Amino acid sequence: LYDRYGRLIFSVALHMVGNRDTAEEITFDIFTLAWEKAGTYRPERAKVTTWLTGMARNRAIDRLRMEGSRAESRSVSWAEVLTEPVNHVDGPETAVHLALQKQRVRAAVAELPDVEREALALAYFKGYSHSEIAQSLNWPLGTVKTRIRSAMQKLRVTLQSDTALAYDFMEMN
Amino acid sequence: MPQDIVMSEDAHVIDLIPAFALNCLDETEASVVAQHLETCSACQAELLAYQDVAGQLTMAAPDADPPVALKQRLLTNLHREEERTAIRSKTAVSPPHPSSWQQFLTYLNRFFSQPAWQVAALLLIVALGIGNLVLWQRANQPDAQPTPALQVYNLEGTDNAPGASGLIVMSVNGRNGTLIVENLPALSQAQQYQLWLIDDDGQRTSGSVFSVSADGYSVLDIESARSLFDYPAFGITVEPAGGSPAPTGQRVLGSGL
């Protein structure tokens, strides 16, 4: 499990908290928790990736809130489409599927309007609420809500339409 | 309730679910959605779909490599947890419960028993069959090499340290090894533990002299001039600080015996 998802979990934790030691601690906690709570995992409710990354995001948000570092302005950005080489640690087939999955997600994010991408990044990587995003970007609250919702709806359509098969393959292997 | 939430108690909260999945709703709205979700299967389905989207967004974070030592830390920690669970289960009177991983596998089994997965499983079986055929052909070639893998030996506590346990992990070529012990009794400053590498003739060679932490735990590299594969058994004894040329004290852990 760690070989497959360790890098993913560490990457998102690092991008959220901006500190390697804290990101390592979060990654350690998540895989320990996954081992302890494996019995509570419900495959019919969430993919393994969703389960793990959901826990990682929540843990990172808790850390950000606990340390009060969300008050500090730190820019967050999305990865560019396929700038990294394919990692073969977990075998070439899985690595290729993971790379394809990343490419699809990053392409879908890249297609969003700039304003939606910006609001989504603050919500996703900094754990900002609607109100905090509105305050941070000096936008009306209703505008923030509309842009977040619109971004998620577009991503749902794009990601669900053509990734299910590849995603399931990855989960299965 | 904020003025911009316009809904009756029975109204769906579809518009708020994408933000709920991102965990970015303000507290009052999040509470309304959570309450509605308790009884609305349609909105629950919507939430699952958006949680899936949120999960996939992880892949849009810039890649970063975790520290190499993190995996070893995790494995060591999990091993300690397993040992604790094993000790607890030995002393428990109640009937055994399936472990977390067994439950996890049960859920996976249930998931993969769905019709769509059965088709996928059939394809997988065919692929595995072809794969096995290829492997079989390769195995019968004169230059076929065995698949390299780490070798792991369990160490069991003797009557002198019944709660202790340990692991020896050897590299593929047998030139490097790591010893992990836990629950060894604390020793006085005048004493240390010593690992003995035991060859086929019963000769003992020192592999390391070490102390343990307050909770009886230690991880260390094994020192050996010869390949560790030359030693079919291992033992750990209590020796004077600094070690002895040959075992003199009580044996606390052993393997291959």
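These numbers were taken from a predicted model, which means no experiment stands behind them. In what follows, chains carry the letters A, B, and so on, assigned in the order in which the sequence lines appear, proteins first and then strands, with residues in each chain numbered from 1.
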Inter-residue atom distance Q56(B).CD - R156(A).CZ, 0.5 Å rounding: 12.0 Å
Given heavy-atom pairs under 4.5 angstrom as the criterion, report whether the side chain, backbone, both or neither of L120(A) touches chain B. side chain
Sidechain N-carboxylate O distance under 4.0 Å for K71(B), D3(A): yes
Between I17(B), N77(B), L75(B), which has the largest tally of heavy atom pairs under 4.5 Å with chain A? N77(B)
Within a radius of less than 6.0 Å around CD of Q135(A), do more than 12 heavy atoms belonging to other residues, nucleotides or ligands occur? no
Spacing of R20(A) atom CZ and L70(B) atom CG [to the nearest 0.5 Å]: 10.0 Å
Under a 4.5 Å cut-off applied to non-hydrogen side-chain atoms, are P66(B) and E24(A) in contact? no
Nearest 0.5 Å, what's the CG-CE distance between L100(A) and M59(B)? 11.0 Å
Which residue, T58(B), D63(B), D65(B), forms the side-chain contact (heavy atoms from CB on, under 4.5 Å) with S11(A)? D63(B)
Partners passing side-chain hydrogen bond (donor to acceptor under 3.5 Å, both in side chains) against D29(A) (at least two apart in sequence or in another chain): R59(A)
Please check: side-chain N/O of R57(A) versus main-chain N/O of L22(B), any donor-acceptor pairing under 3.5 Å? yes
How close do A61(B) and F125(A) get, heavy atom to heavy atom, and via which atoms? CB-CE2, 3.7 Å
Considering only heavy atoms and a distance below 4.5 Å, find which of L25(B), N23(B), L57(B) pairs most often with chain A. L57(B)
Listed partners of R147(A) passing salt bridge (Lys or Arg N to Asp or Glu O under 4.0 Å), at least two apart: none
Atom CD1 in I148(A), atom SG in C24(B): separation rounded to 0.5 Å? 5.0 Å
Can you see which heavy atom on M152(A) is nearest to which on P18(B), and at what distance? CB-CB, 3.6 Å
Out of curiosity, I30(A) CD1 to L74(B) CG, how far, rounded to the nearest 0.5 Å? 11.0 Å
Can you tell me which of A49(B), A30(B), A45(B) forms the most heavy-atom pairs within a distance under 4.5 Å of chain A? A49(B)
Restricting to non-hydrogen atoms, name the atom on A64(B) and the atom on F10(A) that form the minimum distance, rounded to 0.1 Å. O-CD2, 3.7 Å
One should read off an interatomic distance between S129(A) OG and E29(B) CD, to the nearest 0.5 angstrom, of 9.5 Å
Tell me, for Y2(A) versus chain B, whether the close heavy atoms (under 4.5 Å) come from the side chain, the backbone, both or neither. side chain
